[in-house]
Amino acid sequence: MDKVLLLLPESIRSEVISAAGNHLEQVEEVRIRVDRPLEIAYGQTVLTGKRIVSSAEAEQLMNQISQFSFYMLDEQLKRGYVTIAGGHRVGLAGKVVLENGVVKGLREISSFNIRIARQKFG
C-alpha cells in the first residue's frame, strides 16, 4: 500500500489515509474520478471521500503513474490498465483512440481504479 500512497497527489493521499483510518492496510481499491469524490473499498465496505477530485489532481496522478513519460505506457494503455511497482494495477478510463476498429490508445483520462495487490492465504 505504501507504494500506491507515494503515487497519489498529496491532497488525495491525505484523504485516503484519513478516510481509511485503522483499515488502511485492508484497502483493496481506491477509485479516483474527476469531478467526483474518491472512493475507498475494503471488504464489503466502500467509503466516500469528502472533497471532489480535480482534473489537475488526475493529471498529477497520471504523471506519477507514467513517470512523466506517457508514451512509455502506450501498450498498457491499449489494454485499459497499467501495472505499477508492487504488482498493483491501475485501471484507466477516458476517451479511446480507435484506428480501423483497433484501440490505439487512451487520452483525456478521467478515472483511475487502483487495485491493491496482496497475498491471500487459504
4.5 Å side-chain heavy-atom contact, [X] and [Y]:
{"X": "Ile12", "Y": "Leu61", "answer": "no"}
{"X": "Leu24", "Y": "Val16", "answer": "yes"}
{"X": "Phe112", "Y": "Met62", "answer": "yes"}
{"X": "Asn63", "Y": "Glu59", "answer": "yes"}
{"X": "Ser11", "Y": "Arg51", "answer": "yes"}
{"X": "Glu28", "Y": "Arg118", "answer": "yes"}
{"X": "Leu47", "Y": "Tyr42", "answer": "yes"}

Once rounded to the nearest 0.5 Å, what's the spacing between atom [atom1] of [X] and atom [atom2] of [Y]?
{"X": "Ile40", "Y": "His23", "atom1": "CD1", "atom2": "NE2", "result": "11.0 Å"}
{"X": "Ile109", "Y": "Ile65", "atom1": "CD1", "atom2": "CD1", "result": "8.0 Å"}
{"X": "Ser111", "Y": "Asp35", "atom1": "OG", "atom2": "CG", "result": "11.5 Å"}

Return the minimal non-hydrogen interatomic distance between [X] and [Y], and the atom names on each side.
{"X": "Pro37", "Y": "Gly49", "value": "CB-O, 3.5 Å"}
{"X": "Arg31", "Y": "Ala41", "value": "NH2-CB, 3.8 Å"}
{"X": "Gly87", "Y": "Ala117", "value": "O-CB, 3.5 Å"}
{"X": "Pro9", "Y": "Gln60", "value": "CB-OE1, 3.3 Å"}

**OP:** Take atom CZ of Arg33 as the centre, draw a 6.0 Å sphere, and report whether it contains more than 12 heavy atoms from other residues, nucleotides or ligands.
**Re:** yes
Subject >> Backbone N/O of Ile116 and side chain of His88: donor-acceptor pair under 3.5 Å >> reply: no
Original post:
Any donor-acceptor pair under 3.5 Å linking the side chain of Arg13 with the backbone of Leu5?
Top reply: yes
In one Ile/Leu/Val/Met/Phe/Trp/Tyr side-chain cluster, 4.5 Å: [X], [Y]:
{"X": "Val34", "Y": "Ile114", "value": "no"}
{"X": "Val46", "Y": "Leu8", "value": "no"}
{"X": "Leu92", "Y": "Leu98", "value": "yes"}
{"X": "Tyr81", "Y": "Ile84", "value": "no"}

